[in-house]
Amino acid sequence: MADGAAIGLLFGAWREAEETFASAREAQGRAQIEEDELRHRLGELDALDPQPDEEAKLDERRSVLKNRERLLEALQNAHAALGGARPVQDAIRTAERELTRVAGKAGGGLDTAIEALARAGEATLDAEARLEAFGNSIEHDAHALETLEDRLYGLRDLARKHRVKVDGLPALRAATATALARIEDRGGELERLDRQVRTARAAYERAAEALGEKRRQGAAELDRAMIAELIPLKLGRAQFTTRLDPLPPESWGPAGKERIVFEVATNPGSAPGPIGRIASGGELSRFMLALRVVLSKAGTAPTLVFDEVDSGIGGAVAAAVGERLARLGRGLQVLVVTHSPQVAARGAHHWCVSKVNAKGSVTTRVERLDDGARREEIARMLSGSRITDEARAAADSLIGRRTAARA
């Protein structure tokens with residue numbers, strides 16, 4: 001890949017990385033507000049620590065505690081009934097012993113009754129244990145109901161605040177923690193994108209520096225070649241310099257880090273300046289002709305147009321201009337507006353441009369010339385309005401040189 005194309009791709013990659021980083025940083029700024037809200041919400045949820053199905057369990061427990069006095073009274077009565085003057089357990093054990101003593105003589109008829117009494121004894125013991133445990137759970141904490149209701153109200157207040165049901169608080173807590181973690185991860189993403197920007201910029205700068213060095217070397221070679229090419233074009237006293245001006249970083253682009261300026265000084269001792277400002281129209285055409293000749297193998301334009309490239313010259317200099325235009329014409333299309341017969345004779349095709357005054361208006365006419373008309377037009381350019389045989393002979397000589405050069 002050519003240096004110019006490669007640096008263009010590297011510049012594009014750098015700019016794309018910068019845009020991606022800028023977008024991510026902007027999103028991070030917007031997320032900062034969201035992050036503060038999420039942290040506050042998660043703090044509230046963590047402090048309350050809601051559990052699945054907690055509301056139903058608390059409601060059930062509150063109902064029990066609200067009926068604490070009645071339940072304790074019922075428990076006391078049950079204990080009294082089970083362990084009164086003659087405890088139920090004692091009666092069951094007595095009955096079981098009496099039946100077991102004579103069971104062998106009953107032929108198995110008492111076995112099921114004895115088993116039932118055994119189960120009844122175990123069930124009575126279990127019932128007494130359960131009654132005692134339940135009584136303990138509601139008897140020893142006089143403030144249990146107040147504590148429970150405070151929590152239940154707290155859960156419901158938080159659920160209303162975040163517009164969810166109480167049973168949805170655990171899921172909200174998990175979702176909040178996930179969202180917060182995702183935002184926190186963006187910090188790492190920003191660091192990664194920032195590294196990509198720095199890497200892409202470094203790659204671009206290395207390529208731009210290498211391209212700049214090649215340009216400096218090429219500029220020196222171009223300047224030497226231009227000076228040699230300007231001499232036969234009657235610009236031998238002119239100076240041509242290729243200047244590379246460093247650009248500030250904000251002006252860097254796909255073409256590199258410097259601006260290329262062609263400077264010329266057309267008169268000895270005069271200060272050089274940009275070619276488009278210093279050179280006259282004819283000089284500029286000759287400078288561009290010399291530049292195109294020197295860079296003939298590097299250009300990409302399919303057509304070149306030269307207007308009055310022969311301005312102020314004649315004789316051998318005009319012939320040199322014509323020869324160089326013909327050389328360019330071998331590789332691409334060259335259009336030349338000229339008053340010089342030496343230049344015109346070098347062309348492969350000719351058109352005559354003239355103005356015609358007809359019926360009070362002026363019309364510009366372009367007429368293609370065949371070989372005979374071309375000979376006459378070149379002879380007219382040599383001799384003026386009256387075409388002489390000598391002028392026709394000179395025209396034949398110029399056209400013959402062109403034909404011989406092409407052969």
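No experiment lies behind these values; they were computed from the predicted model shown.
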Distance-minimising heavy-atom pair for R15 and E18: NH1-OE1, 2.7 Å

message: Return the CG to CG distance between D150 and L155, rounded to the nearest 0.5 Å.
response: 11.0 Å

task: First locate atom CG of N267, then atom CD of Q239, and finally report the distance between them rounded to the nearest 0.5 Å.
output: 11.0 Å

field: Backbone of G256 reached by a side-chain donor or acceptor of Y204 within 3.5 Å
entry: yes

- prompt: Is the closest side-chain donor-acceptor distance between Q217 and E213 under 3.5 Å?
  reply: yes

message: If the condition is salt bridge (charged side-chain N to carboxylate O under 4.0 Å, His left out), which residues does D194 pass it with, not counting sequence neighbours?
response: R198

statement: Distance col, row R237:CZ vs L230:CG, nearest 0.5 angstrom, shows 14.0 Å

Side chain to side chain donor-acceptor pair (under 3.5 Å) partners of residues 314-328, not counting sequence neighbours, each pair once: E229-R324, E323-R327

query: If you measure only the distance, is there a donor-acceptor pair under 3.5 Å linking the side chains of D223 and T242?
result: yes

message: Which label fits F11 and W14: parallel for a plane angle under 30°, tilted from 30 to 60°, or perpendicular past 60°?
response: perpendicular

Q51 side chain to D49 backbone, donor-acceptor under 3.5 Å: yes

field: Between CG on residue L335 and CZ on residue F306, distance to nearest 0.5 Å
entry: 10.0 Å

task: Could you tell me which residues satisfy salt bridge (charged side-chain N to carboxylate O under 4.0 Å, His left out) with R160, sequence neighbours excluded, listed by chain and number?
output: D157

Donor-acceptor under 3.5 Å (R286 side chain, L233 main chain): yes

Salt bridge R380-E377, side-chain N to carboxylate O under 4.0 Å: yes

message: With a 4.0 Å cut-off on N to O distance, would you call R39 and D36 a salt bridge?
response: no

- prompt: Is the backbone N or O of T112 less than 3.5 Å from a side-chain atom of E115, with the two atoms forming a donor-acceptor pair by type?
  reply: no

- prompt: Quick check: does any side chain N or O of S251 sit under 3.5 Å from a backbone N or O of L247, one acting as donor and the other as acceptor?
  reply: no

